[in-house]
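These notes are about the structure you will find just below.
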2 protein chains.
Amino acid sequence: MTSSTIDRILDAAEVEFATHGFVETSLRTITTKAKVNLAAVNYHFGSKKGLIQAVTDRFLDPLTQNLKIQLSDYESSLPNGRSDEQELQHLLGILARSCQQVVQQNHHSLAILARLINTAYSQSQGHLRKHLTQQYGASFMHFMKLLRQHMPAMTNEQFFWRFHYLLGVLVFSISSSDALLAICEREYKTIRNLDQMMADIIPVMASAAQAPIIGEI
Amino acid sequence: MTSSTIDRILDAAEVEFATHGFVETSLRTITTKAKVNLAAVNYHFGSKKGLIQAVTDRFLDPLTQNLKIQLSDYESSLPNGRSDEQELQHLLGILARSCQQVVQQNHHSLAILARLINTAYSQSQGHLRKHLTQQYGASFMHFMKLLRQHMPAMTNEQFFWRFHYLLGVLVFSISSSDALLAICEREYKTIRNLDQMMADIIPVMASAAQAPIIGEI
DNA sequence: GATAGTTTTAAACGAATGTTTAAAACACTC
DNA sequence: GAGTGTTTTAAACATTCGTTTAAAACTATC
C-alpha cells in the first residue's frame, strides 16, 4: 500500500511537530520514527513546508467540515430557552467539541493545531497566517458571525481585539497543555486531560467575551 | 568603550529574537546587524544559549525590581476604598505598568518576553521554563499571592489553571502584537499601540479571573 | 614606550540541515 | 513475462549553523 508511507510520515510528523515545534524537528527524525526513507518526504510532499501544510490540512479539513454541520444544527435549533450566558457557552462549546471529535476520530494532536496558530501569528511577516486565513478563513466566518451576535455592543474593531484575546486563552493553554498537565500532576497529584481543560476553559472564555469595554480602544 | 559591543549585540539580538524567534535567528544575522564580529557572541556570552539568557535577564531583572517596589506601594496603601473589581483591575494594571515602564526606560521589546514565555511553555521538556521559574519565580510569587486573594473561592489547583488561562491572554496577544496591530491598521484604519492593547486587555483578564468555576476541574 | 591583559578579527572547523540524484525495487498492464 | 510507470533506496550535495582558533589590534599600567 503506497499510502502507508504517506500516512506514517504524517503521523510521525504530527507528533514531532507538536512536541518539538516545526523548526526544531528535522526531516531525519521524522523519517526515522516513521521508518521510511529520508527522501520520501520530498518525494511525496515536495518540501518540508509542504509537509507542514499537509499535516495541518489533514486536521483542518475535517474540523471545518465538522464545525459546519454542528453550527447548522445549532442555528436550526434557535430560538431555544437558553439564556444569553448559556447560549454563549454553548456556542464556544461547539468549537471545543468539534476539535475534540476530530482529535478522537482521527487520532490527531490538538497541540499541533494550537502551536501552528501560535507560530502563525507570532511571525511578523505571517506567510503561514495568510495561508490559514485564505484557506480556512471562510469556514470559520460562520462561527465568528454567531459569536459576534453575543457581543452586539462592540464595534467591529473591538470585536476583532476581543476575539483574539479569547483566542489567546485557547491557543496558549492548549499549546502548553503538555507542560501544564505535567506540572499539575506533579504539584497537585491530580491527573487531568485535555477534555477537562477544555471544559474548564469555556466559562473563562465566556466571561472574557462579556467583559465590559472600558479600555482605550 | 568595550560595553558598546555587548550592548549592540543585545540590542540587535532582542529585535531579531522578537521578530523571528530564537531558533530561526542566526548569530550571523545578529552580529551583522550589530556590526560586530561573529565570534563576539561566543566571546562575551559563551554561547547562543548564554546570549538568549542575557537578553531575557536584561529585561527581567529591572522588571522584577520595578514590580517589587510597585507591589510594596500597593500593599501599604491597603485598605483603600476600591471595590473588589477595581482592586483586581488595579493589581493587574500594576503588572502591565511595570512592563510598560521597563520597556520605555530601557527601550526593550515586550514581544521578546512574551515570546520567551510562549516558547518556554510550549517546549515539553521545558528547560527554559525551569530556568525562568527558578530565576524569577520567587519575584513573581508576591504578585501571585496578591492575585490569589482575589480568587478566594478557588482551590490551589483551580487557581493554577485559571492563572495560566489569564497568562494566555497576555502572552498570545503581546507575542502576536506586531501582526495584530498591522491587521487592525489595515482592516479598521486605526493605528493602535501596545499601551492601548494593555489597557484593553486588563478588564478582559479581570473578567476571566472572576469567571465562575463550573468546569470539571 | 615596552609590556601584559583584553578585545577584535578573519578564517576555518565539524556537525546538522533540506534537497537532489540516479539506480534499484516494486507494482501494474498488456 | 516483458515493459512501463511509480515508489523506495542509498548516497551525495550544497548550505547553514554554532563554535573554535590563532593572530592582530587595542587598552591600560608601570
Side-chain angles (χ1 to χ4, degrees), chain A residues 1-58 112 115-116 119-120 122-125 127-128 131, chain B residues 1-58 112 115-116 119-120 122-125 127-128 131:
Chain A
M1 177 106 68
T2 165
S3 67
S4 164
T5 300
I6 293 179
D7 287 342
R8 282 216 306 277
I9 292 176
L10 286 173
D11 289 338
E14 187 172 297
V15 173
E16 291 302 307
F17 284 155
T19 48
H20 299 104
F22 300 106
V23 210
E24 280 140 302
T25 53
S26 67
L27 295 183
R28 280 170 177 82
T29 68
I30 291 174
T31 52
T32 301
K33 299 236 174 188
K35 292 179 181 174
V36 300
N37 189 270
L38 168 63
V41 170
N42 285 278
Y43 177 76
H44 286 289
F45 301 99
S47 64
K48 187 183 182 181
K49 188 180 285 186
L51 174 61
I52 294 175
Q53 199 163 301
V55 168
T56 60
D57 285 353
R58 189 171 67 143
I112 175 102
R115 195 183 271 264
L116 181 84
T119 58
S122 295
Q123 289 172 349
S124 57
Q125 300 165 317
H127 294 134
L128 193 56
H131 168 74
Chain B
M1 177 108 65
T2 163
S3 67
S4 163
T5 300
I6 294 179
D7 287 341
R8 283 215 306 277
I9 292 176
L10 286 173
D11 290 338
E14 187 172 298
V15 173
E16 292 302 308
F17 283 155
T19 48
H20 299 103
F22 299 107
V23 207
E24 279 140 303
T25 52
S26 67
L27 296 184
R28 281 169 175 82
T29 67
I30 291 174
T31 52
T32 301
K33 300 234 174 191
K35 292 179 181 174
V36 300
N37 189 271
L38 168 63
V41 170
N42 285 277
Y43 177 75
H44 286 290
F45 301 99
S47 66
K48 187 183 182 180
K49 187 181 284 186
L51 174 62
I52 294 175
Q53 198 162 302
V55 167
T56 60
D57 286 352
R58 190 170 68 142
I112 174 104
R115 196 183 271 263
L116 181 86
T119 57
S122 294
Q123 290 171 349
S124 56
Q125 301 165 317
H127 294 133
L128 192 55
H131 168 74

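These numbers come from a predicted model, not from an experiment. A, B, ... follow the sequence lines: proteins, then strands. Residue 1 opens every chain.
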To the nearest 0.5 Å, atom CZ of B:R8 lies from atom NZ of B:K35 at 8.0 Å
Interatomic distance, CZ@A:F45 vs CG@A:L27, rounded to 0.5 Å, equals 11.0 Å
Spacing between [X] atom [atom1] and [N] atom [atom2], to the nearest angstrom:
X: A:L27; N: C:dT20; atom1: CG; atom2: C1'; value: 13 Å
X: A:R28; N: D:dA11; atom1: CZ; atom2: C1'; value: 11 Å
X: A:L38; N: C:dT19; atom1: CG; atom2: C1'; value: 8 Å
X: A:L51; N: C:dT19; atom1: CG; atom2: C1'; value: 14 Å
X: B:F45; N: D:dG18; atom1: CZ; atom2: C1'; value: 15 Å
X: B:H20; N: D:dC17; atom1: NE2; atom2: P; value: 12 Å
X: B:D7; N: C:dT8; atom1: CG; atom2: P; value: 12 Å
X: B:I9; N: C:dT7; atom1: CD1; atom2: C1'; value: 11 Å

* Look at the side chain of B:T29 and the backbone N and O of B:T25, then say whether any donor-acceptor pair between them is shorter than 3.5 Å. => no
Treating B:K48 as the side-chain partner and B:F22 as the backbone partner, does any N or O pair qualify as donor plus acceptor under 3.5 Å? yes
So, OP1 or OP2 of [N]: does either fall under 4.0 Å of a side-chain N or O from [X]?
X: B:T5; N: C:dT7; result: no
X: B:N42; N: D:dT19; result: yes
X: A:S26; N: C:dT17; result: yes
X: B:H44; N: C:dT8; result: yes

Contacts of A:T29 and A:N37 projected onto DNA chain C by closest heavy atom; the upstream (5') one is A:T29
Polar side chain donor-acceptor pair, A:T32 to A:R28, under 3.5 angstrom | no
Exercise. Identify, between A:Y43 and A:A39, the residue whose nearest nucleotide on DNA chain D lies closer to the 5' end.
Key: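 Residue closer to the 5' terminus by nearest nucleotide: A:Y43.
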Taking any heavy-atom pair under 4.0 Å as a contact, classify B:T31: base, sugar-phosphate, or nothing. nothing
